[in-house]
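These notes are about the structure you will find just below.
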Amino acid sequence: MKRTLGKLETQFLAYIQMRELRAVRTGELLRPLGLTREQERELFRRLARGKLIARVRPGLYLVPQRLPLGGSWSPDEILALNTLIEDRGGRYQICGPNAFNRYGFDEQVPARVYAYNNRISGERSVGSVQLTLIKVADVRLGGTEEVRTSEGLVAMYASRARALVDAVYDWARFNSLPRGFGWIRRELAKKRVTPADLVDMTLRYGDVGTIRRMGVLLEREGVDARLLRKLERKLPPSSGLIAWNPTQPKRGSISRRWGVVVNDES
């Protein structure tokens, strides 16, 4: 953490505050501050090392709108995510543990931000913000809602119904089954989602395993037969069986309709 500011650092912070900038790229300070490229590189290096700015990628930095108290700064999670994905011309939606917590499915507050997106795969850090970016095809992005933060930023989250389907579809990544089955039952009982919403999200963003497991669950919940047939028609002929609860041995009663071994009656 940097305790004192040199002349160039003070000029830099005054410049970005005057211009109300949130991000700066290398090359943008050469003329305004009269710097050489080497001076600019060294300035960015010192500021980033002192935690006064945050590197998004080489050559792109997020900057504070005002000098932070305590002399150390890190961007907001949404600012970091938006900047990183917009820089690549991509789209994203916050998913998994963050969405589960947002909708009250799970009380645990994630230490990372999980996001499906169509540009970047892997772990990233921007300042103190830790990101897990899951690259997916464009067709797997959707079923979202916009959330405006207190800072005036717009974040894209998976919708309530989409998050429930993701809990079944991406259970291995998010460690969300069998808990997700309970979430779905509760949300249906409280009428915060409808069976039609879940069927629509399952058909658009699920896979065969998701359709099978959702079929069993919705049938047990007494969902309208017409909705169940919409799911059933999307299943290819198969004699293979999958486990209802994939974290437990595949032993139990068999639902031939859905090709599922119901190995957990909870």
ILVMFWY network linking Phe100 to Val109, side-chain heavy atoms under 4.5 angstrom: no
Heavy-atom side-chain contact between Pro195 and Leu188 under 4.5 Å: yes
Under 3.5 Å donor-acceptor, Ser159 side chain and Thr144 backbone: no
CA sep, side-chain torsions, deciding dist, call: Gln130, Ser125, side chain to side chain donor-acceptor pair (under 3.5 Å): CA-CA 5 Å; Gln130 301 297 313; Ser125 61; 4.6 Å; no
Shared hydrophobic cluster, Ile254 / Leu231 (ILVMFWY, side-chain heavy atoms < 4.5 Å): no
Set of side chain to side chain contact (heavy atoms under 4.5 Å, CB included) partners for Glu38, sequence neighbours left out: Thr36, Arg41
Partner residues of Tyr205 under the ring pair (Phe, Tyr, Trp, His ring centres under 6.0 Å) criterion, sequence neighbours left out: none
With Arg226 via side chain to side chain donor-acceptor pair (under 3.5 Å) - residues at least two apart: Asp224
All side chain to side chain donor-acceptor pair (under 3.5 Å) counterparts of Arg162, not counting sequence neighbours: Asp166
Student check: side-chain heavy atoms of Leu21 and Tyr15 closer than 4.5 Å: yes
Partners meeting salt bridge (Lys or Arg N to Asp or Glu O under 4.0 Å) with Glu146 (sequence neighbours left out): none
Any donor-acceptor pair under 3.5 Å from Asp138 side chain to Asn118 backbone: no
Phe181 and Trp244 aromatic ring geometry - parallel, tilted or perpendicular at 30°/60° bounds: parallel
Of all pairs that satisfy side-chain hydrogen bond (donor to acceptor under 3.5 Å, both in side chains), the ones with a partner from residues 24-35, not counting sequence neighbours: Arg25-Asp87
Non-neighbouring partners of Asp106 that pass salt bridge (Lys or Arg N to Asp or Glu O under 4.0 Å), sequence neighbours left out: Arg179
Pairs touching residues 119-163 that satisfy ring-ring contact (aromatic ring centres under 6.0 Å, His included), sequence neighbours left out: none
Check: Asn245 side chain, Asn263 main-chain N or O, donor-acceptor pair, under 3.5 Å: no
Salt bridge (charged side-chain N to carboxylate O under 4.0 Å, His left out) contacts in which one or both residues fall within residues 241-258, not counting sequence neighbours: Glu219-Arg257, Glu232-Arg257
From CA spacing to verdict: ring-ring contact (aromatic ring centres under 6.0 Å, His included), Tyr92, Tyr116: CA-CA 5 Å; Tyr92 77 87; Tyr116 291 138; over 10 Å; no
Considering all heavy atoms, the nearest Pro97-Phe174 contact: CD-CD2, 3.6 Å
For Tyr114, all residues meeting ring pair (Phe, Tyr, Trp, His ring centres under 6.0 Å), sequence neighbours excluded: none
Rounded distance [0.5 Å steps], CG in Leu79 versus CG in Leu62: 4.5 Å
Ser128: partners by side chain to side chain donor-acceptor pair (under 3.5 Å), with sequence neighbours left out: Ser74
Side chain to side chain donor-acceptor pair (under 3.5 Å) partners of Asn98, counting only residues at least two apart: none
